[in-house]
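Nothing fancy with the numbering, it's 1 onward along the sequence.
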Amino acid sequence: RPIWISWKLDGLTLVATYDSGQLTKVLTRGNGHTGTNITHLATAINGIPQQIADKGHTVIRGEAVIANDDFERFLMESGEDYANPWNLASGSLSVKDPADIKDRHIQWIPFTLVSTDEHITSWGARMDWLNQQGFKTIERQLVETPTIDAVEACINRFTEEVTSKRNPYPVDGLVVCYDDTDYAQ
């Protein structure tokens, strides 16, 4: 069975909801059951469009991250002290005024389509659908025949992106999923 390998970014999970093409809600993950409504901050978070082409009900889960370079720049310019990009992003999502966090360059990167009115049954197709809606989704690679050598080559490619700093975002590791997982509603 084919598999997808993608980043597990070191950020904060946000869930964005669209109805009739309009952004209606952005929630933090919270305690896993109840999140905080941060819709008022959506305009200050890159990657969360106010509207999309799809006119149904769409729910998307993604990671809010700050690039390592943006984090270092923020520390130098602000004189503030944060231990890492995750802490800066986390603290940023509790402010009231979006203007206060615009210069922190928070980027939201979708990693899964939770629900849509469309019938799309594979993770890869769901990610492609998100790209067609204008989202910049998580970097991923399909491994058609997941032999040990093929998977190792893919992991080595992702590792090289981190060690060479081509991947700008902090990561926790990699995620693997089967492409033919049925996500039917």
Hey, is the main chain of [Y] close enough, under 3.5 Å, to the side chain of [X] for a donor-acceptor pair?
X	Y	result
Gln107	Ala67	no
Glu63	Gly11	yes
Ser90	Trp86	no
Asn68	Pro168	yes
Thr24	Thr17	yes
Asn131	Phe135	yes
Lys102	Thr43	yes
Tyr18	Pro49	yes

query = Under 3.5 Å, is there a donor-acceptor pair linking the side chains of Asp117 and His57?
reply =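 No, because no side-chain N or O of Asp117 sits under 3.5 Å from a partner of the opposite role on His57.
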
request  = May I ask you to check whether Asn37 and Thr39 show a side-chain donor-acceptor distance below 3.5 Å?
outcome  =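 Result is yes, a qualifying pair exists.
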
ask   = In this structure, are over 12 heavy atoms from other groups packed under 6.0 Å from Asp97 atom CG?
value =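 Yes, because the 6.0 Å sphere around CG of Asp97 holds more than 12 heavy atoms from other groups.
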
ask   = Just wondering, are more than 12 heavy atoms of other shown residues or ligands nearer than 6.0 Å to CG in Asn84?
value =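 Counting other residues, nucleotides and ligands, CG of Asn84 exceeds 12 neighbours.
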
message = Please identify which of these residues, Phe158, Phe111, Trp123, meets the side chain to side chain contact (heavy atoms under 4.5 Å, CB included) condition with Arg140.
response =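 Between Arg140 and the candidates, side chain to side chain contact (heavy atoms under 4.5 Å, CB included) is satisfied uniquely by Trp123.
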
query = Among Val65, Ile48, Ile45, which residue meets the side chain to side chain contact (heavy atoms under 4.5 Å, CB included) test with Ile106?
reply =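 Filter result, single survivor: Ile45.
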
Test side-chain contact (heavy atoms from CB on, under 4.5 Å) applied to Val171 and Leu9, step by step = CA-CA 4 Å; Val171 298; Leu9 296 174; 3.8 Å; yes

key: Test: Arg73 and Asp103 ion pair at under 4.0 Å   =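 Salt bridge flag = no for Asp103 with Arg73.
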
Salt bridge flag under 4.0 Å for residues Arg126 and Glu118 =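 Salt bridge: no.
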
key: Stepwise side-chain contact (heavy atoms from CB on, under 4.5 Å) test for Ile138 and Tyr169   = CA-CA 11 Å; Ile138 193 77; Tyr169 302 108; over 6 Å; no

inquiry  = Please determine whether residues Ile66 and Leu93 belong to a single hydrophobic cluster, defined as Ile, Leu, Val, Met, Phe, Trp and Tyr linked transitively by side-chain heavy-atom distances below 4.5 Å.
reply    =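 Same cluster.
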
ask   = Side chains of Met76 and Glu72: closer than 4.5 Å at any heavy-atom pair?
value =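 No; the side chains remain at least 4.5 Å from each other.
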
